[in-house]
There are 2 protein chains.
Amino acid sequence: MDKQYLTQQLMQFFDQYQANINWDLYQTDIQVHMLNKGDCLLRQGERSANMFFLCSGLVRYYSVSESGKEYTQTIAKSPRLVGSTRALTLSQPALFSIEALHASTAISFPWQPFYQQMSQDLAFTQAYAMFLESIFIHKEQKEHAMVKHSATQRYLDFCRDFPELKDTLPQQQIASYIGITPIALSRIRTQLKTDQR
Amino acid sequence: MDKQYLTQQLMQFFDQYQANINWDLYQTDIQVHMLNKGDCLLRQGERSANMFFLCSGLVRYYSVSESGKEYTQTIAKSPRLVGSTRALTLSQPALFSIEALHASTAISFPWQPFYQQMSQDLAFTQAYAMFLESIFIHKEQKEHAMVKHSATQRYLDFCRDFPELKDTLPQQQIASYIGITPIALSRIRTQLKTDQR
DNA sequence: GGGCGTAATTAACCTAGGTTTAGAGAAGGA
DNA sequence: TCCTTCTCTAAACCTAGGTTAATTACGCCC
């Protein structure tokens, strides 16, 4: 798709924070990613120096443990920055993969020079702090739910938070988001159905 | 204890970030808190406009669910800022209490005017973003451990991360940090002892 | 020393959720 | 049309950790 057009979206996204960015510096490094369902932007264990901007579509962050179990940490909707803050700031391999849940479009740009330039811009740094605050708060709520709520409650929470996904996303992935096996989720769903009557 | 002296520590803490702060504005609002073991700086459900700086000692962040179960989210050592970013930025009641694990000293100051002034200071905003990044990374690792590791593994992780606490902290609180009951922890400990032989 | 409150252990029992295996639909491809 | 593959459901069984309750151990105050 049109790189010009997508870059436009990225610029608009940052405009809302009144950050003063010289995009010309990155023109040559910006890459367009057309994703089909199941394609990955970033793979667990990979080192990447890029941040991504999700222009359209939907992705999930998931990780796989040594024992082969999959856990979906986050589901992110466009428009949004996506990427591993941790991997970029500590320059370590990513702890999770980022996978498209539908067809999606994203662009990538190199984080270091961008962050270098941006950390001189107060408006941007403020916006970045706000971004971190918001994902932090989300993470805190998810930790809370994982520890304090039963699987059934977490499923109901998921249905409340993502009403548009509860019927379109495969149940395996819903199960992986709430931290249980698809089999347990199936049990919970039939249990809920019989309770309703 | 000497307010002057503790305030000095707070200023030194921010000096390391080269933030340019006019402390005179807050002199009258700064309060000193001398904490005994078990005293709380902040109580779950309370609204507070203050941020705290832990000058000496050790605190834990814990929350109690409706069903009366306690969960320790974080253990924080001095010197450090402590408080609920979430409660302050959204001006909502705190989701957790902050309790001293030993005798500790802290000072409090009003967050809003401070943050207002500080968000004009690039060095401070950068430092704040780094602070958020660091607690975010910690939270991500804890979420990961809670989901992927067994209670036994989480106990071993705790012993690795807090070697100085594993014998001094009451087992109830260790259990609450790793998200199990004290009874389960006792079982795990005897299990580990017999395994060693 | 004797009582008392708190913390830690132990054992018996229970339950949520994992594991394994099998089968039922739906969807595509030759 | 049949065959394959993928997703979901169902049932039998297992296990980690929760629950309850009784027992012991360790201060601490009188």
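This is a predicted model, so every value here is computed, not measured. Each chain gets a letter, A, B and so on, in the order its sequence line appears, and its residues count up from 1.
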*Using whole Å, report how far CG of D167(B) lies from C1' of dA8(C).*
14 Å
*Between atom CD1 in I174(A) and atom P in dG17(C), what is the gap in whole Å?*
16 Å
*asked:* Classify the ring geometry of W111(B) against Y115(B): parallel below 30°, tilted from 30° to 60°, perpendicular beyond 60°.
replied: parallel
*Interatomic distance where CD belongs to E70(B) and P belongs to dG18(D) [whole Å]*: 14 Å
*So which heavy atom on Y177(B) is nearest to which on Y71(B), and how close?*
O-CE1, 3.8 Å
*asked:* Regarding L185(B), tell me which of base, sugar-phosphate or nothing describes its non-hydrogen contacts under 4.0 Å with the strands shown.
replied: nothing
*Counting only side-chain N and O atoms of T181(B), is one of them less than 4.0 Å from OP1 or OP2 of dG18(D)?*
yes
*Write down the distance between CD (Q171(B)) and C1' (dT24(D)), rounded to a whole number of angstrom.*
14 Å
*asked:* Starting the side chain at C-beta, find the nucleotide from dC8(D), dT19(C), dA21(D) nearest to K69(A).
replied: dT19(C)
*Hey, is the side chain of Q172(B) poking within less than 4.0 Å of OP1 or OP2 on dT6(C), counting only N and O atoms?*
no
*To the nearest angstrom, how far is R187(A) atom CZ from dA10(D) atom C1'?*
10 Å
_Integer-rounded Å distance: dC6(D) P and Q173(A) CD_ = 14 Å
*What integer distance in Å separates R189(A):CZ from dG17(C):P?*
16 Å
*Give a yes/no answer on whether the side chain of Q191(B) brings an N or O atom under 4.0 Å of OP1 or OP2 in dA16(D).*
no
*Decide if the gap between the ring center of F114(A) and the ring center of F14(A) is smaller than 6.0 angstrom.*
yes
_Working for side-chain contact (heavy atoms from CB on, under 4.5 Å), residues Q126(A) and L122(A)_ = CA-CA 6 Å; Q126(A) 286 170 2; L122(A) 180 60; 3.4 Å; yes
*Nearest-angstrom distance from the residue atom NZ of K148(B) to P of dG18(C)*: 14 Å
